[in-house]
Amino acid sequence: MVEEKAMQFHLLNGMQAHEGDQPVQLGDRQQRLMLALLLLAEGRPVTIEQLIDKIWGDDPIKTARRVIAQYASGLRQRLGQSFLPPYGIGYVAKVGREQVDVHRFRDLVAEARSLLRVDDTQATHLLRKALRQWGGGLLPGEPLKGLPGPGAAGARVRLWEEHRGALLECLEAELRLGRHIQLVPELQDLAETWPLVEDVTRLLMLALHRAGRSSDALTAYDNLRRTLRDEFGNDPGAPVQELQQRILRQDPALAPPAHSYEVNPPGATMRSSAEIGKDAVRLVTEAVRGESWTSQPVEMLELVRVHFADDEAAQRTLAQVEADPADTVAVAALGRVLEAYLDRDQTFLKTARLLVEQASRAKAGGSSISADQIKNASVYNAPVHVSGDFNIS
């Protein structure tokens, strides 16, 4: 029998169950659909009539009630009798909210919404964590993928709408935090993927304007207007039109918030998150190999581990590098993941940049070597390579 407490159910990107690292076989598509419908009910009972309607629609098979009973029996065999206890007129799934990715997503979004405009920093952290329940990418996968029936189709649409709503709320809050420069690439990708979603273009216009790219913001508006006219014969709605007019007259109220984080001080050379990410990966590989005598590589590795704590896909990418730092494919993948994190997390970006700069200064002035470093090298049988002039401190 599979223990319930160890089971994890994944509905947001497919339809799977795992006990630890082991997948659990859930039966045929309609039996898996019945399980998904029970899990989506969030602990509420689902009647047999409701299950029949959501699985077969308006034209159910004559033996539908008997088949439902067979599906219930099959699920009990795979998941345990206590998972699906007898219930008078239907069924109810006994499962903890933390075991189902949909519930974790919804709980994180609800908590974040209570903090919006009160503590946007924490709210965006929770929203990004919620969105990661869908996988590592910006755009969602397909909920209940491969499952048939009107119940799956309806749930799929609702979940996509919930994802989009949470993502837009997150991006808007991040703009309030002054992260406009970092959000421009993400919003551009979204505008290409969702060309008819006016709120995406509205946020892109604002981010571009605040980044000093007002002409690009107006171009984004023109693209949206042309698309809407071609598709529906309509112009953008009032919020987008109003923003366009405010950009045209350079409304000072659209200026970035005073607390916007400045990636580089005035006069400094702007370093992209890709450049910082590349140096961060180098420090991580140095830490894994044990090749550096400064503290920054180890600190960077620990920093990355902390920021990947809630992201299983990112953890796997880091684990591949830790297993083989010479694996160039894994190192490149880690670089891409780090760049995405640096783009959207100002605190992470600031800390990573500081470690990179400290490491660069240490390397530039690295003609000094301490007696403690030589002592540590001898303890761990590590070779010490010294060239040129140096001082023993």
Side-chain angles (χ1 to χ4, degrees), residues 8-14 16-23 98 101 104-105 108 124-143 145 163 166-167 170-171 174 179 182-183 185-186 189-190 193 271-292 295-356 359:
Q8 291 293 318
F9 297 95
H10 311 281
L11 283 70
L12 293 176
N13 197 2
Q16 305 167 36
H18 286 83
E19 183 182 16
D21 293 331
Q22 298 301 314
E98 72 283 353
D101 58 359
R104 293 195 301 270
F105 166 74
L108 286 164
T124 56
H125 169 74
L126 292 171
L127 285 169
R128 288 289 182 177
K129 185 176 179 180
L131 294 167
R132 286 198 294 273
Q133 302 302 314
W134 290 72
L138 173 65
L139 295 172
E142 183 178 344
K145 184 176 181 179
H163 176 278
L167 177 57
C170 181
L171 295 170
E174 288 175 333
R179 300 174 183 174
Q182 292 72 37
L183 287 177
E186 193 167 341
D189 288 343
L190 285 176
T193 305
R271 301 188 70 217
S272 68
S273 56
E275 292 173 317
I276 296 174
K278 183 177 180 180
D279 287 335
V281 170
R282 175 179 55 78
L283 292 179
V284 168
T285 57
E286 285 182 8
V288 174
R289 290 180 172 131
E291 292 180 347
S292 177
S295 63
Q296 287 78 30
V298 174
E299 291 177 23
M300 182 65 77
L301 177 58
E302 291 305 315
L303 178 69
V304 171
R305 284 172 174 164
V306 168
H307 277 75
F308 285 5
D310 298 318
D311 188 339
E312 293 182 3
Q315 288 180 35
R316 287 194 295 270
T317 303
L318 176 60
Q320 290 177 323
V321 173
E322 292 189 86
D324 183 7
D327 184 343
T328 57
V329 174
V331 171
L334 179 60
R336 291 191 294 271
V337 175
L338 274 175
E339 182 181 350
Y341 268 81
L342 291 165
D343 273 337
R344 64 185 182 234
D345 189 329
Q346 292 299 300
T347 302
F348 184 34
L349 175 63
K350 183 178 180 180
T351 308
R353 185 191 66 174
L354 180 62
L355 289 174
V356 165

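Hydrogens, waters and symmetry mates are skipped; everything else that's a heavy atom, side chains included, is used.
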The reported gap from CG in Leu183 to CG in Leu171 (rounded to nearest 0.5 angstrom) is 6.0 Å

In terms of heavy-atom contacts, Pro325 and Val288 come closest through CG-CG1, 3.8 Å

Heavy-atom nearest pair, Ala314 first then Val337, reads CB-CG1, 3.9 Å

Quiz item: Taking NZ, NE, NH1 and NH2 as the nitrogens, is one of them in Arg305 or Glu322 under 4.0 Å from a carboxylate oxygen of the other?
Solution: yes

query: Any sub-3.5 Å donor-acceptor pair from Gln16's side-chain atoms to Pro23's backbone N or O?
result: no

Which of parallel (below 30°), tilted (30 to 60°) and perpendicular (above 60°) describes His18 and His10?
perpendicular

To the nearest 0.5 Å, atom CG of Leu334 lies from atom CG of Asp327 at 11.0 Å

dist Gln296:CD -> Asp279:CG (nearest 0.5 Å) comes out at 12.5 Å

Here the pair of heavy atoms bringing Trp134 nearest to Pro143 is CZ3-CG, 3.5 Å

In this structure, CZ of Arg104 is separated from CG of Leu12 (nearest 0.5 Å) by 8.5 Å

Heavy-atom nearest pair, His163 first then Pro140, reads CE1-CD, 3.4 Å

- prompt: Looking at side-chain heavy atoms only, is the closest gap between Leu127 and Leu167 below 4.5 Å?
  reply: no

The single option from Val306, Leu303, Val356 that satisfies side chain to side chain contact (heavy atoms under 4.5 Å, CB included) with Thr351 is Leu303

dist Arg128:CZ -> Leu126:CG (nearest 0.5 Å) comes out at 12.5 Å

Paired with Tyr341, the side chain to side chain contact (heavy atoms under 4.5 Å, CB included) test is passed by just one of Val304, Leu349, Asp311, namely Asp311

To the nearest 0.5 Å, atom NZ of Lys278 lies from atom CD of Glu339 at 11.5 Å

For Ala287 and Val298 the tightest heavy-atom approach is CB-N, 3.8 Å

If you count the non-hydrogen atoms of other residues, nucleotides and ligands that lie under 6.0 Å from CD in Glu302, is the total more than 12? yes

For Thr317 and Ala330 the tightest heavy-atom approach is CG2-O, 4.2 Å

*Would you check, one step at a time, whether the test side-chain contact (heavy atoms from CB on, under 4.5 Å) holds for Val281 with Leu338?*
CA-CA 8 Å; Val281 170; Leu338 274 175; 3.5 Å; yes

Could you tell me whether the side chain of Gln315 and the main chain of Phe308 form a donor-acceptor pair under 3.5 Å?
yes

> Does any non-hydrogen side-chain atom of Leu318 lie less than 4.5 Å from one of Val284?
Replying inline: yes

Check your understanding: Ignoring hydrogens and geometry, is there a side-chain-to-backbone donor-acceptor pair from Asn13 to Gly135 under 3.5 Å?
Key -> no

